[in-house]
Structure formats: structure tokens, C-alpha cells
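Before any comments, here is the structure.
Just the heavy atoms: all of them, side chains too, but no hydrogens, waters or symmetry mates, feed the values below.
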Amino acid sequence: MQRSSPLLLAALTLLCTCGLATGEDNNEFFMDFLQTLLVGSPEELYEGPLGKYDVSADAKAALVELKSCIDSLQPMHKAEMVKLLVQVLSSEDGA
């Protein structure tokens with residue numbers, strides 16, 4: 001898990017930087033990013049939430065490795081993360 005920590009930090013830094021730089025709603029960007037990270041592909045990340053940013057080759061490599069870590073979660077744990085995301089998105093729709 002220690003090997004994944006720098007990748008997670010890099011991905012979160014990229015996420016925060018991109019969201020703050022655009023003045024875009026950070027919650028919306030974060031939720032879109034997280035949803036795509038959980039159930040999408042790296043290519044969908046670049047075309048979707050990160051589509052308007054120039055993502056460097058190193059950042060892309062970090063995202064691919066982070067996605068690989070998420071995909072290697074036990075199915076039960078990944079399903080729980082998806083359920084949590086759905087719960088958060090549902091509560092935002094009702095707000």
C-alpha cells in the first residue's frame with residue numbers, strides 16, 4: 001500500500017489543481033472524477049473530467065496505475081465504494 005500512496009497523492013493534487021484552476025464546482029468535478037475512476041477507463045478520464053486539461057505523460061502513467069489499484073480491489077470492496085458514491089450523488093440531487 002505504501003507504493004500506492006505517492007500515486008494517490010499525485011492524483012489528488014491533479015484533481016484539486018484542475019478543479020480550483022477553473023473555478024468549476026469542486027464537488028461536481030470530484031464526483032465525476034471519482035465515478036469515472038471507479039467504473040470507467042483511463043481513456044474515459046481523459047475524455048471526461050480531465051478532457052479540458054493537458055495531462056502530462058507522467059500524470060497519465062500515475063492515473064493508469066491508480067486505476068489498476070482500484071480495479072484490483074476485491075469486488076465486494078469496489079461495490080461498496082460504488083454504493084457510497086451513489087449515496088453521495090443521490091443526496092446532492094436532493095439538496
- Query: Does Glu65 reach the main-chain N or O of Ala62 with its side chain, forming a donor-acceptor pair under 3.5 Å?
  - Reply: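 Between the backbone of Ala62 and the side chain of Glu65 there is no qualifying donor-acceptor contact (under 3.5 Å).
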
- Can you check whether Leu38's main-chain N or O pairs, donor with acceptor, with Lys78's side chain at less than 3.5 Å?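 Judged by distance alone, yes, a pair lies under 3.5 Å.
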
- Nearest 0.5 Å, what's the CG-CG distance between Leu63 and Leu50?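 One finds 6.5 Å between CG of Leu63 and CG of Leu50.
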
- Could you state the interatomic distance from CD (Glu44) to CD (Gln35), rounded to the nearest 0.5 Å?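 Those atoms lie 10.0 Å apart.
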
- Applying side-chain contact (heavy atoms from CB on, under 4.5 Å), run through Lys60 and Leu45 and close with a yes or a no. CA-CA 10 Å; Lys60 284 183 179 182; Leu45 280 171; over 6 Å; no

- What's the shortest heavy-atom distance between Val39 and Lys67, and which atoms?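 Closest pair (atom of Val39, atom of Lys67, distance): N-NZ, 4.3 Å.
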
- Item | Least distance between heavy atoms, Cys69 atom then Ser72 atom |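 Minimum heavy-atom separation between Cys69 and Ser72: O-OG, 2.8 Å.
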
- Message: Taking the side chain as everything from C-beta on, heavy atoms only, tell me whether Asp32 gets closer than 4.5 Å to Pro49.
- Response: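 The answer is yes; the side chains approach within 4.5 Å.
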
